[in-house]
Amino acid sequence: MPSMPPSPPGSDLAALLPPDHTGLAGELPAALHPALAAALPDARRRLSPRGLDTWLRGVDGLHRLGRGESVTLAWIEAAPQVARDLGEDILADFAGHCAGFASRTSGAVITRIIATAPIAARRLGDVTLFRSYLRFLEHLLSRAPRGMRPMLDNLGALLDVLTLGGLRRWADWGAEAHRTDYPELERFFALATEESRAVLKRERKGTLLVDVQRRLGMYLRALWGRDFVMAPTAGDFDNRAGLQPHIEGYTLYLPDALDDWQGMAALDLYRAQLAHLAAHLAALDRAHQGEGLNALQMACVGLIEDARAEALAIARLPRLRELWAPFHAVTGSGIAGIFDRIARALLTGTPEDELSGWAVRGFAAIDPADMAAAHRLGLALADRLHAQPFSVYRDRPSCPYRCDNRVLWEYEEMAFDSIAAAPAQVRKYVSVMEMVNEVEVETAGEDAQEIWVQAHELFDDDGISFNEREGKEPLAPPVFYDEFDHTIQMMRPAWATVLERRARAGDPGRAEAILTEHRAVMERLRHRLEAMRPQGVTRVRKLEDGDDLDLNAAVAAAIDTRLRQQPDQRIMMRRVLNQRDTAVLVLLDLSESTNDPTASGQTVLDLTRSATLLLGEAVARVGDSFAVHGFCSDGRAQVFYQRFKDFSDPWGGLAKARIMGAEGRLSTRMGAAIRHGAHLLGQVRATRRLMLVITDGAPADIDVRDPHYLRADARRAVEEAMRRGITLFCLTLDPGADAYAQRIFGTRNVQVVDKVERLPERLPALYAALTR
């Protein structure tokens, strides 16, 4: 009887594979066939056809990388576990990152990354956090590749006590401390040194959400008789303060870790946060319309909505008041303190002052189920507080369990396709006589089809411009700048709009008083500044080719000739004019936070004005060309830019008065302002160009939630300016600026003023050091 021919290699595996992937059986090494065959049944149960296809494509792609069989084997075993914990949509991103690692590290390290991925997926518990974890691995490979393998060997122990942000800060500390000591670097990441364990202990948080998530889910189910979807958020990459709780798409987002709060357990704080979020979902019939409301009105409506949701929940579950009340023990300052007192009074029913008593009486008069009445009460509260200075970023209630209230608001979406395109506005530049002879249309606004602009301001006989007399702001053409989006690693074209506004003059007498008050500072710097001033003409002697004959050298050469000695041929000299060719742009951050008071009683803006005046005096003594500009923003469409002194303006009373008229308001879109300042500085003819940015905080704006978005854009703007030959330096008044300022401007281009009161003295000295 003839024997049966042997089966072709991989035929058994090919029978198990889907039709589209039967070719894998012939391409994979025989050693991997048993592992893939064993993993296929479980993968079919857990993955959809699309997820199974992604997993098998990952097997094929990682095999083709040529980094060894261990990489492919680790993917076969680990990827289905990651999909089980985070969903199969993560597999494509995970495979793409692994392929990217192949060009940066060895196959053994990639194997450890894949093999430990289930640990990270289980401990992080959220697909967004896992993507951030993969980006953190890329970051660590660029900074300390030798620490990757020992860290992955201890990943379980690390994630048992650290959040993702804490893990990154721990890794960055070790990478920075042992940049050149490779053995010590490996010992740090292996948790084999005391300093490694000390940093780990410092970054450790009290309670991680992943450890108590199951208990919290059972707690919510016991309260409300239904299940809720919970997800962690990581907002503590730069500091230990995480994001506020919030609701998005019916998912309850909580900080990934919490510390105990004033003696109360972190688990109780988690319960308070969840009960508050669930109360919002139960009380909210529809969202409030956000169009036409300012930030104060939205904050006040949110305060009343918090009280309304909690009142409805307490009516059903009275013991919730005992859960929430202890977290209202802190009272902030300013309008935040008013919010704290009102929130406490509305929860307990006991007013503490006249305003909180008014709020309690008004809240008692409405039906908690009536959203419209609560909305009206919130607007009435905003009317009573309209005279109070309010900042969205500074004046936040102190209660730690309440959310950011984003679930309360919705905005009407405009159907752009149904709107006819408006005719383009024409900006026509005319002469003085055309402007004088034209009759102005008083009802015309900024949306007029044609706007006439005169290139220069027109002044009356008394020296006051007509714009100033009529009180109308001169309109400069808007300037559009691209903006960098770090999430897609691309520039958004014409994304930010810079609007130049005329700087208003303040009190020049105050400027002179400030200069007189700080005269001692200028006297201490006088010798240093005098040394920087050009010293006229210098004679350069002993030249073979020059402009004039050096008589002394010529006489000495003649004497050597008569003495039959070799004369020195260098008997010419040249006159060289000593002059500085430096242009300096001082860019001031004029956001709302500059109105914050300091320990001396003055605001940050007051000290910034004083420092700028002293700097102007110093630069004027040296003779450099300089300008003083400022900026603030109200979203990407309105980045306001002011020129207090331009390069062509003299340093005098008008420039000083304009600096005294600077006001702090709105937000800080730094990237667009740096691009506009670099454009203006680039038009100045100078050998050396310097931009000095003075700020008191990180870039931020009302239309950006991601704190890293505007920082990455500012970093890109700095790089663009440096490519144009402009040197940038940041003087920051924020004590915590090391976390972001050095990433934006570079390690050597940042100086932190630890005491804001020293700014008027530090700024002129810094300028002298930068331009010596």
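Heads up: numbering here begins at 1 and tracks the sequence. Just so we're clear, the structure is a prediction, and the values are computed from it rather than from any experiment.
The two residues Leu140 and Ala171 come nearest to each other via the heavy atoms CD1-CB, 4.2 Å. The two atoms that bring Ala637 and Thr497 nearest to each other are O-CB, 3.5 Å, heavy atoms only. Between Leu52 and Ala43, the shortest heavy-atom distance links the atoms CD1-CB, 4.0 Å. Nearest heavy-atom pair across Val127 and Leu86 is N-CD2, 4.0 Å. Nearest heavy atom pair, residue Gly174 against residue Leu185, reads O-CD1, 3.6 Å. The two residues Ser633 and Leu666 come nearest to each other via the heavy atoms O-CB, 3.0 Å.
Checked against side chain to side chain donor-acceptor pair (under 3.5 Å), Asp260 has no partners two or more places apart in sequence or in another chain. Applying the side-chain contact (heavy atoms from CB on, under 4.5 Å) rule to Thr105 yields the partners Phe101, Val109, Ile110, Leu141; only residues at least two apart in sequence or on another chain are considered. Taking Thr251 as the reference, nothing meets the side chain to side chain donor-acceptor pair (under 3.5 Å) condition, with sequence neighbours excluded. In this structure Asp268 satisfies the side chain to side chain donor-acceptor pair (under 3.5 Å) test together with Arg271, sequence neighbours excluded.
For residues 715-730, the pairs satisfying side chain to side chain donor-acceptor pair (under 3.5 Å) are Arg675-Glu720, Arg715-Glu719, with sequence neighbours left out. Among residue pairs with one or both ends in residues 80-99, those qualifying as ring-ring contact (aromatic ring centres under 6.0 Å, His included) are Trp75-Phe94, Phe94-Phe130; sequence neighbours excluded.
Counting only heavy atoms from C-beta outward, the side chains of Arg168 and Leu164 never approach each other to under 4.5 Å. Residues Cys98 and Ile114 form a side-chain contact, since some pair of their non-hydrogen atoms from C-beta on lies under 4.5 Å apart. Side-chain contact between Arg104 and Ser142 is present, with at least one heavy-atom pair separated by less than 4.5 Å. Here the side chains of Ser591 and Ser667 are not in contact, with every heavy-atom distance at 4.5 Å or above. Counting only heavy atoms from C-beta outward, the side chains of Phe188 and Pro150 never approach each other to under 4.5 Å.
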Where do Asp153 and Arg149 land on the salt bridge (charged side-chain N to carboxylate O under 4.0 Å, His left out) test, with the steps shown first? CA-CA 6 Å; Asp153 291 339; Arg149 187 180 300 184; over 6 Å; no
Derivation and outcome, salt bridge (charged side-chain N to carboxylate O under 4.0 Å, His left out), residues Glu176 and Arg143: CA-CA 8 Å; Glu176 182 65 25; Arg143 293 204 64 188; 2.8 Å; yes
Working note: Asp482 + Arg492, criterion salt bridge (charged side-chain N to carboxylate O under 4.0 Å, His left out); need CA distance, chi angles, decisive distance, verdict. CA-CA 5 Å; Asp482 297 349; Arg492 293 183 179 272; over 6 Å; no
Could you walk me through whether Glu248 and Arg406 pass the salt bridge (charged side-chain N to carboxylate O under 4.0 Å, His left out) check? CA-CA 8 Å; Glu248 194 167 341; Arg406 71 179 68 177; 3.0 Å; yes
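Between Asp703 and Arg669 there is a salt bridge, since a side-chain N of the basic residue sits under 4.0 Å from a carboxylate O of the acidic one. Between Arg64 and Asp60, at least one side-chain N (NZ, or NE/NH1/NH2) sits under 4.0 Å from a carboxylate O, which counts as a salt bridge. For Glu138 and Arg135, the salt-bridge test fails: no basic side-chain N is under 4.0 Å from an acidic carboxylate O. The residues Asp211 and Arg123 are annotated as salt-bridged, a charged nitrogen and a carboxylate oxygen being separated by less than 4.0 angstrom. Salt bridge status for Asp701 with Arg636: absent, with no side-chain N to carboxylate O gap under 4.0 Å.
Side-chain N or O atoms of Tyr270 include one that pairs as donor or acceptor with a backbone N or O of Pro255 at under 3.5 Å.
Ring-centre distance between Tyr219 and Trp224: not below the 6.0 Å cut-off. Residues Trp261 and Tyr401 keep their aromatic ring centres 6.0 Å or farther apart.
Surrounding CE of Met218 are at most 12 heavy atoms belonging to other residues, nucleotides or ligands under 6.0 Å away.
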